[in-house]
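Ligands are counted one by one from 1 in listed order, and the atoms in each one are counted from 1 as well.
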Amino acid sequence: MFMTKRIGVLLSGRGSNFEALADSIAAGRIPNAEVAIVVSNREDAPGIARAKSRSIATKVIPSKGLERETYDRQVVAVLHEHEVDLVCLAGYMRLLSPYFVTAFPSRILNIHPSLLPSFPGLESQKQALEYGAKFAGCTVHFVDENLDAGPIILQAAVPVEDDDTEASLSEKILREEHRIYTEAVKLVLAGQYKITGRRVTRTEK
Ligand code: GAR
């Protein structure tokens, strides 16, 4: 029998990637999984309201004035309380401490709106546009304690057209984010991959 895998989602904002994962689970595109808890560092994150309206458990943990590890200990405790197997960062705008990363070895994923290692950090779509890149895209990767680093699981590219604006490019990339985050979570939960150095490759299982 398959055990249902429990996903913990961390977010700071809108929550469209969280909703894409929740929709994929509901539609069976990610089998044997559920979102067990949505955690946010921001009380006003629309993603928290979206989780509540889906009757998914939520927890807001304000980070103000706390050292990184002190904060992360609280988050990890909540994730353990909810018996989370896999942590998905979905627009979570905080760097994780080594303590957090060690608590979930190869069990934390992030989605980033650029073709890493290009354009890490903030406003990646704007960075790509201003740089003059002809292709932009998104990356799902395992998380380590560095910013937008860690072995790459999946990427998707979109062409940058001459008339693209930051808004139009972000929208094109977001559609691909929702698609590849689902694919990556499915792959990782099924254990159909191996990591060699920085390379993540598919295996049969
Ligand atoms: C997404 O574009 C995600 O890739 C990005 O924040 C947005 C969150 O949107 N994440 C990062 O930049 C992480 N470095 P969402 O709240 O609608 O999922």
Side-chain angles (χ1 to χ4, degrees), residues 7-26 29-30 35 37-54 56 58-61 63 68 71-72 75 86-97 100-101 104 108-131 133 135-158 160 164-186 188:
I7 298 174
V9 174
L10 270 55
L11 55 79
S12 304
R14 183 175 55 184
S16 75
N17 277 288
F18 148 63
E19 289 212 290
L21 292 178
D23 286 345
S24 291
I25 290 169
R29 289 188 294 273
I30 302 174
V35 177
I37 177 84
V38 175
V39 179
S40 181
N41 57 323
R42 297 189 57 118
E43 179 95 58
D44 58 352
I48 285 291
R50 289 176 173 206
K52 282 184 177 156
S53 73
R54 288 170 176 261
I56 293 174
T58 61
K59 179 85 179 172
V60 174
I61 310 177
S63 57
R68 191 175 303 285
Y71 180 76
D72 280 358
V75 177
L86 182 72
V87 180
C88 291
L89 310 187
Y92 184 63
M93 297 313 196
R94 287 181 59 86
L95 210 58
L96 303 193
S97 62
F100 195 148
V101 174
F104 289 92
I108 310 172
L109 310 188
N110 181 42
I111 178 92
H112 182 76
S114 78
L115 294 172
L116 291 171
S118 292
F119 315 124
L122 297 174
E123 300 188 322
S124 305
Q125 304 93 330
K126 187 169 175 219
Q127 289 187 55
L129 204 58
E130 286 179 353
Y131 194 89
F135 283 90
C138 49
T139 303
V140 182
H141 62 92
F142 287 109
V143 172
D144 61 20
E145 60 273 22
N146 299 310
L147 178 67
D148 299 325
I152 292 170
I153 303 165
L154 288 174
Q155 291 188 308
V158 303
V160 181
D164 264 326
T165 61
E166 190 186 344
S168 67
L169 182 60
S170 299
E171 199 184 305
K172 277 195 281 189
I173 294 172
L174 194 64
R175 276 200 292 275
E176 293 301 303
E177 291 187 37
H178 296 165
R179 185 178 65 76
I180 69 167
Y181 213 175
T182 288
E183 240 186 273
V185 168
K186 183 179 164 189
V188 170

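- Of the polar atoms of Asn110, none of the N or O atoms is found under 3.5 Å from an N or O of ligand 1, judged by distance alone.
- Using a 4.5 Å heavy-atom threshold, the side chains of Tyr92 and Val39 count as separate.
- For the residue pair Thr182 and Ser24, a side-chain donor N or O sits within less than 3.5 Å of a side-chain acceptor on the partner.
- In this structure, atom 8 (C) of ligand 1 lies nearest to the protein heavy atom Gly91 CA, 3.6 Å.
- Ligand 1 has a nitrogen or oxygen under 3.5 angstrom from a nitrogen or oxygen of Asp148.
- The two atoms that bring Lys52 and Thr58 nearest to each other are CE-OG1, 3.5 Å, heavy atoms only.
- For the pair Tyr181 and Leu154, the minimum side-chain heavy-atom distance is 4.5 Å or more.
- Look at Ile111 and you'll find a heavy atom under 4.0 Å from some atom of ligand 1.
- Residue contact check: Ser16 has heavy atoms under 4.0 Å from atoms 15 (P), 16 (O), 17 (O), 18 (O) of ligand 1.
- If you check each of Glu19, His112, Arg94 against atom 13 (C) of ligand 1, the one with the closest non-hydrogen atom is His112.
- For the pair Thr139 and Asn110, the minimum side-chain heavy-atom distance is 4.5 Å or more.
- Here the heavy atom of the protein found nearest to atom 5 (C) of ligand 1 is Pro113 CD, 3.7 Å.
- Judged by the 6.0 Å and 45° rule, Arg50 forms no cation-pi pair with Phe18.
- Near Arg14, meaning under 4.0 Å from one of its heavy atoms, ligand 1 places the atoms 9 (O), 15 (P), 16 (O), 17 (O).
- Those atoms of ligand 1 that come under 4.0 Å of a heavy atom in Glu177, given as number and element, are 1 (C), 2 (O), 3 (C), 4 (O).
- Between Phe142 and Leu109, some side-chain heavy-atom pair lies under the 4.5 Å cut-off.
- Under 4.0 Å from ligand 1, not a single heavy atom of Leu89 appears.
- When side chains are defined from C-beta on, Arg42 does not count as touching Val60, because their heavy atoms never get closer than 4.5 Å.
- Among Met93, His178, Gln125, the residue whose heavy atom lies nearest to atom 6 (O) of ligand 1 is Met93.
- By the 3.5 Å distance cut-off applied to N or O atoms, Gly15 is counted among the residues near ligand 1.
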